[in-house]
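Just so we're on the same page: letters track the sequence lines, and every chain starts at 1. FYI, side chains are in, hydrogens and waters are out, and symmetry mates aren't considered; it's all heavy atoms of this structure.
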Amino acid sequence: MSPKDAERYDPRAMEPHWQKLWEERGSFTVADTDSREKYYVLEMFPYPSGRIHMGHVRNYAMGDVVARFMRAKGYNVLHPMGWDAFGMPAENAAMQNKVHPKKWTYDNIAAMRTQLKAMGLSIDWSREFATCDVEYYHQQQKLFLDFWAAGLVTRKKSRVNWDPVDQTVLANEQVIDGRGWRSGALVEQKELTQWFFKITDFADDLLSAIDTLADWPEKVRLMQRNWLGKSEGLLVRWQIVEGTAPEDVTELETYTTRPDTLFGASFMAVAPTHPLATLAAAKNPGIAAFIERCRHIGTSLAALETAEKQGIDTGIRVRHPFDPEWELPVYVANYVLMEYGTGAIFGCPSADQRDLDFVHRYALPVVAVVLPEGADAASFVIADEAFVGPGTMINSRFLDGLTTKAAFEEVANELAKVEVNGRPQAERRVNYRLRDWGVSRQRYWGCPIPIIHCKTHGEVPVPDADLPVRLPDDVTFDRPGNPLDRHEGFVNVKCPICHQPARRETDTMDTFVDSSWYFVRFTAPRAKTPTEPKTANAWLPVNQYIGGVEHAILHLLYARFFTRAMRLTGHLNVSEPFKGMFTQGMVTHETYKGADGRWLFAEEVDLAAIPPTHRQNGEKVTIGSIESMSKSKKNVVDPDAIVAAYGADTARWFMLSDSPPERDVQWTEAGIDGAWRFVQRVWRIAVDCARPATADRRADRSSFDAPALTRATHRAVARVGQAIETLRFNVAVAHIYELANVLAKALAAVESGEAMPEERAALALAARVLVQLIGPMMPHLGETCWRALGEKGLLADAPWPLADPSMLSDEMIVLPVQVNGKRRGEISVAQGAPQAEIEALALSLEPVSRILAGRPPRKLIVVPDRIVNVVV
RNA sequence: GCGGGCGUGGCGGAACGGUAGACGCACGGGACUUAAAAUCCCGGGAGGGUUUCCUCAUGCAGGUUCGACUCCUGCCGCCCGCACCA
């Protein structure tokens, strides 16, 4: 090893050293009782897939910067970590590799814990838990029963999305383009009795409270609003013409947001699964056949896009609410959804494109009822395009001439007055797209639902003394389906009430349940109750939550629901779980494809060759698009390899540099090399600053502007702090580079010569601050430099430096001078110089006086400390 | 279809309405070295002018303003979310 090498910073030696020290000292163990203000920062906890990926590195690096920064700012910071450990991959592994899900999961956790610890995160590991720990799901079962007692849990028969590959039920949210979100299999419709959380009870509050989430991305708030899908309309009850409907049904309820278009109605339509359709089908094989066809169309995107609007006349007729003589036909239509509204609509083809498409096929009348602004009433017709906008009512009897809005009110008011069968003919109704959350999963590796089914007593909660309902270990995965179903010891129990033989519920909970309250559990992870309400209330809400945008709807909505349900059941008393939310971008990488179109690993490609070729077979390689890292595209970079080669600090620094955190960042060799160079550069600066200056002062040594260096130092403190507070890590990194550059230049000036006392003070301050500023991002390097600079104690315990506001700007200010908004020169003035002096200087500037040519300026604008603009 | 976001050098990107291109990457030149690596220094939006200068430049076209990457209007392009929601 050459002497130069000895001066290199070696992360492989230093990183484990500091990690051990932090752990021994319990540096990041946080106490609930602490007089300092609390700050709770949380990154979405990982699924223990086996190895961490670069997305984790980015996510946890960001969270750690916030955590360490806030700690240094004097807050009592809670920064925990756990494992979202239930779920299907463990069972898939069990089936494929004959390894028990429990062993697979805990082995993975152990491996990933080691990896995360190697990143040097400031995590309070004493609070760690996995959702598959009995202690955790025990408390979750208690929550379930509390929700059940509070009426927030129901069991209902429902048509569910059935994943034929995973052999399980999926929530609507887990069906993407008609396919299972995990297996990708085409989802089938199936009738099953399922457990539901009544998230719709909170629909109104979940929607209105979005307005209070000021520190959430607007995008996420919008996605949540859309998902809740509030609409305000009218429930209209239509009288069925006597004798036209089977079983003496007398009424058909429809939901509409456009009651103003009631006189444009030309038909009624019910969903294929609507009870009236079922009744009609029983009498009419043609209708039955049509409904059967609808069942098979499926819900895939392609099917929906190509599906024509189709229907069949049931023969049933209804009377128009405003005209008993006016009868309309009732169709079964394939585009009406049972799940939304009442599953029945009135069709107004002139004001709804779908209805228009429908009537074109069945030759029903089209009556224009809304006249767009500026259109001519005499010539206005609806051809192929419905007019859905606002306008003036026409062809609508007593509504004619009203605006659509006024017509809405008129219809609502008039129909409310009419009573039929003791009920008003129409009522205002708020409707949500949101449906109750089906949590039943026919799987083994999840939290058992603590219910016993008794022939006499129905659904009986497992008594508290009998909790937890443990997952049995002796299960087999040689057949598809739920192993719990065929585990006699698990299933056969006695009814807690009558002690007769009964059957234990074998459904387990959706893993989204596990992740809906883990952030609460972190506040009291070992409590014998789900929470310690006082402790939970003190820590919550999470001040800053950081994670992927893919969880912007489901996870966040469920967590918001849980917070409300837990408040209702007395487990905590906060209104929202996450005060601040940040969605980070993905880590991307170039892709490579061989001549045969196969994806290739970067290591297989000789990129130096022109064109790039395959290292083994010499074939030409195509450089593909930049995509998010995925195993299937072979464009992954293993964090372990990076940490081994460069150290965690380098990886963290790169993940925080350059790209704004909400955008995707591209992984490149050059980028990681650049980060590595900066690590070494900081180390050299620290070493040079720590080295005692040589005794004899060289006469020819250059000097530097010490006050300027000190001002630059203060500016860096202010700017970096501000950037971190607003989570703009790339900007913080840039400001750190600036300080490092200025400092390095100053150092070079006094190299091998003795610095003047004021110079030495400026250098020492700058070096100390630089180390403090990099601390949150590169904590190991920070500690090493901290010690090299002779500081006592740990950087992790050092308070954040304070910027002196009076030091933030230079004494002499360079003011740009514009003529008509175009820069023509600059003047140098003292800070706070009188306006007259600035004006005189600006006007005497050569280019300015030349353009003015003796004339006085029309206007002279001086923005203090910013700019001068001369208007000619 | 509905909703949202984004368009700035070769690249990632900076810029309270106030000097556009901070900072990094890549590139070119130089120093050190027998050499390489490492490191350090210098350079750079485009076009023109013999240096200290001018013109044009933040997707396009307008507007507001003393002054616009930033605000407004209309286009074009890309990305994302939702989608037969009555």
Participant: If pairing requires Watson-Crick or G-U wobble contacts with both distances under 3.5 Å, which nucleotide is the partner of B/C82?
Facilitator: B/G1
Participant: For A/K745 and A/E339, find the nucleotide of RNA chain B closest to each by heavy atoms; which residue's nucleotide sits nearer the 5' end?
Facilitator: A/K745
Participant: What does B/A22 pair with, Watson-Crick or G-U, if both distances are under 3.5 Å?
Facilitator: none
Participant: Name the nucleic acid region contacted by A/V870, choosing base, sugar-phosphate or nothing; use a 4.0 angstrom heavy-atom cut-off, strictly under.
Facilitator: nothing
Participant: When the distance from CZ of A/F729 to P of B/G13 is rounded to whole Å, what number comes out?
Facilitator: 16 Å
Participant: If I take atom CH2 in residue A/W676 and atom C1' in nucleotide B/A37, what distance separates them, rounded to the nearest angstrom?
Facilitator: 14 Å
Participant: Between B/G67 atom C1' and A/N820 atom CG, what is the distance in whole Å?
Facilitator: 9 Å
Participant: I need the CD-C1' distance between A/E662 and B/A14, as an integer number of Å.
Facilitator: 13 Å
Participant: In whole angstrom, give me the gap between the P atoms of B/C75 and B/A86.
Facilitator: 26 Å
Participant: Just the rounded figure in Å: distance from C1' of B/A86 to CH2 of A/W238.
Facilitator: 12 Å
Participant: Reckon A/L222 touches a base, only the sugar-phosphate, or nothing at all at heavy-atom distances under 4.0 Å?
Facilitator: sugar-phosphate
Participant: Let me have a per-nucleotide readout for nucleotides 19-32 of chain B, 5' to 3', with B, S or -, counting only protein heavy atoms under 4.0 Å.
Facilitator: B--BSSSS------
Participant: Output yes when at least one side-chain N/O atom of A/K219 is less than 4.0 Å from OP1 or OP2 of B/G5, else no.
Facilitator: no
Participant: Determine whether a donor-acceptor pair (N or O, by modelled atom type, separation under 3.5 Å) exists between the side chain of A/H320 and the backbone of A/L262.
Facilitator: yes
Participant: Checking the side chain of A/Q353 only, and the main-chain atoms of A/A386 only, is there a donor and an acceptor separated by less than 3.5 Å?
Facilitator: yes
Participant: Please work out whether the ring planes of A/Y331 and A/Y362 are parallel, tilted or perpendicular, with thresholds of 30° and 60°.
Facilitator: tilted
Participant: So, OP1 or OP2 of B/U55: does either fall under 4.0 Å of a side-chain N or O from A/R824?
Facilitator: yes
Participant: For A/D384 and B/G1, what is the distance between atoms CG and P respectively, to the nearest whole Å?
Facilitator: 16 Å
Participant: Give one of base, sugar-phosphate or nothing for A/P847, where a contact means two heavy atoms less than 4.0 Å apart.
Facilitator: nothing
Participant: Over all strands shown, is A/R225 touching base, sugar-phosphate only, or nothing at heavy-atom distances under 4.0 angstrom?
Facilitator: nothing
Participant: Does B/G74 adopt a syn or an anti glycosidic conformation, taking syn as a chi angle within 90° of 0?
Facilitator: anti
Participant: With a 4.0 Å cutoff (strictly under), does any side-chain N or O of A/R663 reach OP1 or OP2 of B/G5?
Facilitator: no
Participant: Think A/R433 has a side-chain N or O under 4.0 angstrom from the OP1 or OP2 of B/A83?
Facilitator: yes
Participant: Does the plane of the ring in A/F346 sit parallel, tilted or perpendicular to the ring in A/W238? Use 30° and 60° as the thresholds.
Facilitator: tilted
Participant: Does a side-chain N or O from A/K822 land closer than 4.0 Å to OP1 or OP2 of B/C56, or not?
Facilitator: yes
Participant: Tell me whether A/R433 forms a cation-pi arrangement with A/W227, defined as NZ or CZ under 6.0 Å from the six-membered ring centre and within 45 degrees of its axis.
Facilitator: yes
Participant: Under a 3.5 Å distance rule, please check whether A/R866 uses its side chain to pair with a backbone N or O of A/P816 as donor and acceptor.
Facilitator: no
Participant: What is the distance, to the nearest angstrom, from the NE2 atom on A/H589 to the P atom on B/G12?
Facilitator: 16 Å
Participant: A/F654 vs A/W676, test: ring-ring contact (aromatic ring centres under 6.0 Å, His included). Steps then yes/no.
Facilitator: CA-CA 9 Å; A/F654 177 38; A/W676 169 252; over 10 Å; no
Participant: Just to be sure I understand the rule, does A/R429 reach a base, reach only the sugar-phosphate, or reach nothing, if contact means heavy atoms closer than 4.0 Å?
Facilitator: nothing
Participant: Do the side chain of A/N730 and the main chain of A/S657 share a donor and acceptor less than 3.5 angstrom apart?
Facilitator: no
Participant: Could you tell me if A/R560 and A/Q224 have a donor-acceptor pair between their side chains, going purely by distance under 3.5 Å?
Facilitator: yes
Participant: To the nearest angstrom, how far is A/R728 atom CZ from B/A14 atom P?
Facilitator: 7 Å
Participant: Expressed in whole Å, how much space separates the C1' atoms belonging to B/A46 and B/C79?
Facilitator: 29 Å
